[in-house]
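Throughout, protein chains are lettered first and strands after them, A, B, ... in sequence-line order, and every chain is numbered starting at 1.
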Protein chains: 2
Amino acid sequence: MKEKKSYSLSLANKKDFNNINEWVYQTLRTSIMCGEIRPGVALTIRGLAEKLDVSSMPVREALRRLASESAVDITDSRRVIVPLISPDKFKELYSLRILLETHAAELALPYISEKQVEHLIMLDKEVDASYSDGDIVSGSLANQAFHRYIYKQNPVQVCMPMIESLWLQLGPFARVALSKIEKYYEYDRHQEALEAIQQRDSFALRRAIEADIRDGLSVFKNIDEIYHDLKSSE
Amino acid sequence: MKEKKSYSLSLANKKDFNNINEWVYQTLRTSIMCGEIRPGVALTIRGLAEKLDVSSMPVREALRRLASESAVDITDSRRVIVPLISPDKFKELYSLRILLETHAAELALPYISEKQVEHLIMLDKEVDASYSDGDIVSGSLANQAFHRYIYKQNPVQVCMPMIESLWLQLGPFARVALSKIEKYYEYDRHQEALEAIQQRDSFALRRAIEADIRDGLSVFKNIDEIYHDLKSSE
DNA sequence: GTCAAGAATATGTGATCACAAAAATATTGG
DNA sequence: CCAATATTTTTGTGATCACATATTCTTGAC
């Protein structure tokens with residue numbers, strides 16, 4: 001403990017966003033998602049503002065927005081931290097992923113065209129490429145892109161913000177957990193999903209999505225000890 | 001069209017909240033939930049700030065928070081409006097209510113004690129009282145309180161923010177739709193839910209919750225025409 | 001050495017201001 | 001009288017400031 005805040009806040013994109021606001025939000029969001037900010041350490045508005053070279057205003061708004069997405073906690077004393085989620089909560093987040101994502105996939109299915117299937121195949125290749133490079137972070141981001149692209153085809157968008165919130169809450173913990181794993185077994189559930197889409201088989205699509213999510217979960221055999229380690233180290 | 005903004009912004013509670021921030025948020029939230037703000041009209045930060053007698057700062061943050069809960073839309077030109085949801089979206093919101101609330105109820109069941117069942121019975125009486133008084137707004141708020149009390153017993157809280165978001169999105173439209181209805185058929189699904197809880201029958205509880213939500217939906221036979229009316233009047 | 005109390009510092013909150021962009025209003029040309 | 005342009009007003013955004021509170025550091029007593 002008592003180490004310098006050393007997360008890099010990967011500002012890949014310049015400040016040519018519409019709002020600085022939005023840029024700060026996206027920067028912090030991906031930073032949390034990729035586990036660059038350790039759970040438990042306090043985030044200060046002024047500190048982040050200085051690091052990002054903006055005033056405190058955009059940081060305040062970004063942090064509040066992240067708080068209402070459950071990506072960060074605001075404690076009683078108004079300190080902002082990335083929460084360390086309990087194993088129970090971790091499992092519940094996965095349950096909700098299955099519940100919402102199978103639902104979203106089924107509703108999106110009628111809207112997925114042949115052209116879009118091709119794009120999905122490309123996205124899937126990026127997932128495989130990242131994982132075979134051993135780049136877990138890009139891998140899970142690419143995996144999210146694959147899932148997001150499916151669900152987004154539904155013109156009625158209600159689930160997506162909720163699913164994004166689930167991903168965001170899982171992000172930091174998943175990152176820590178995955179970093180302690182030697183082998184990452186990759187079953188190709190995406191292939192099953194693509195076949196289900198091409199055959200317009202909504203039930204098969206649900207099964208493929210569920211299996212894909214469960215495969216992801218099955219990697220975390222050690223969440224309990226990891227939780228214990230993280231909790232005691234803070 | 002072109003009428004004065006005449007919603008009352010029911011400030012039942014004084015500014016003895018922790019933050020003015022929070023007070024503004026709650027005030028705007030209930031105002032939207034109860035349909036006091038007409039869908040489509042632009043909300044201005046300065047206008048709300050003046051009406052609530054605070055600076056623009058808390059209003060800005062409250063509006064952004066509401067935006068990330070999908071309670072308001074921020075248009076491309078950065079104007080904030082309460083969205084008018086389409087009939088398709090309305091139905092999807094109800095689907096998600098069923099999906100998430102049956103799930104939440106099932107998970108909460110093991111944690112509901114006898115004492116808490118008594119409290120639920122009291123909450124149910126308040127629902128009945130409001131509806132028999134013909135007070136639809138208090139009725140649906142009381143109904144929410146009943147459901148919320150059940151789901152909140154689960155110590156692992158992940159669904160609740162999502163469910164609250166669904167209620168919030170349905171609020172303004174439901175209010176308009178209900179105001180055009182003469183008779184409101186009230187089946188007592190709450191009674192069924194209470195019995196299921198007492199018998200620890202999770203499947204029966206799921207059915208009761210689902211039936212309760214479906215009953216609520218069945219009232220809106222006329223959503224399509226109401227949507228059309230609202231859309232053309234703006 | 002340990003712990004508690006007080007001083008010093010850091011931090012979140014709310015207010016105000018300047019500026020650019022968007023709406024609304026006024027003006028001009030047909 | 002109407003449409004297109006110009007002007008004025010309104011509005012959101014980002015920055016800065018003052019203040020109250022939380023946190024941290026220091027000091028002193030046991």
Revision key, fill the gap. Of C:dG14, D:dT11, C:dG12, the nucleotide closest to the side chain of A:T44 is C:dG12
Practice item. Identify, with sequence neighbours excluded, every residue that meets ring-ring contact (aromatic ring centres under 6.0 Å, His included) alongside B:Y111. Key: none
Exercise for review: Describe the nucleic acid contact of A:R46 in one word from base, sugar-phosphate, nothing, applying a heavy-atom distance below 4.0 Å.
Suggested key: base
Review point. What residues, two or more places apart in sequence or in another chain, satisfy side-chain contact (heavy atoms from CB on, under 4.5 Å) together with B:E22?
Key: B:F17, B:N19, B:Y25, B:Q26, B:R65
Check your understanding: Whole Å only: how far is the CD atom of A:E22 from the C1' atom of D:dG14?
Key -> 15 Å
Check your understanding: Which residue pairs pass the salt bridge (Lys or Arg N to Asp or Glu O under 4.0 Å) test with at least one member in residues 140-161 of chain B, sequence neighbours excluded?
Key -> B:R148-B:E164
Check your understanding: Near DNA chain D, under 4.0 Å by heavy atom, which residues of residues 58-67 of chain A?
Key -> A:P58
Point to revise | Residues forming a side-chain contact (heavy atoms from CB on, under 4.5 Å) with B:I98, sequence neighbours excluded | key: B:T102, B:E210, B:I213, B:R214
Point to revise | Distance-only donor-acceptor test (3.5 Å): side chain B:R79, base D:dG12 | key: no
Point to revise | Distance, rounded to the nearest Å, where B:E50 contributes CD and C:dA15 contributes P | key: 14 Å
Check your understanding: Within the pair B:S77 and C:dA23, is there a side-chain N or O less than 4.0 Å away from OP1 or OP2?
Key -> yes
Check your understanding: Tell me the ring pair (Phe, Tyr, Trp, His ring centres under 6.0 Å) pairs involving residues 64-96 of chain A, sequence neighbours left out?
Key -> A:F90-A:Y94, A:F90-A:F173, A:F90-A:F220
Check your understanding: Are any of A:S55's side-chain N or O atoms less than 4.0 Å away from OP1 or OP2 of D:dG14?
Key -> no
Check your understanding: Excluding sequence neighbours, so at least two apart, what forms side-chain contact (heavy atoms from CB on, under 4.5 Å) with B:Q116?
Key -> B:I112, B:S113, B:Y149, B:Q153
Exercise for review: Choose from D:dG14, C:dT16, C:dT13 the nucleotide whose nearest atom is closest to any side-chain atom of A:I45.
Suggested key: C:dT13
Check your understanding: To the nearest 0.5 Å, what is the distance between CG (B:N154) and CG (B:L107)?
Key -> 5.5 Å
Practice item. From the options D:dT23, C:dG14, C:dG12, select the nucleotide whose nearest atom is closest to the side chain of A:R78. Key: C:dG12
Practice item. Mind grabbing the angle between the end helix axes of the helix from C:dG1-D:dC30 to C:dG30-D:dC1? Five pairs an end, 10° rounding. Key: 10°
Study note, to complete from the structure: Of D:dG12, D:dG14, C:dG12, the nucleotide closest to the side chain of A:I20 is D:dG14
Check your understanding: Does any donor atom in the side chain of B:S68 or A:S68 lie under 3.5 Å from an acceptor atom in the other side chain?
Key -> yes
Point to revise | Whole angstrom value for the distance that separates P of C:dT11 from CG of B:N19 | key: 18 Å
Point to revise | Set of residues satisfying side-chain contact (heavy atoms from CB on, under 4.5 Å) with respect to A:S95, sequence neighbours excluded | key: A:E92, B:H103
Check your understanding: Which whole-number value in Å describes the distance from A:D53 CG to D:dG14 P?
Key -> 14 Å
Review point. Quick one: A:I74 CD1 to D:dT21 P, roughly how many Å, whole number?
Key: 19 Å
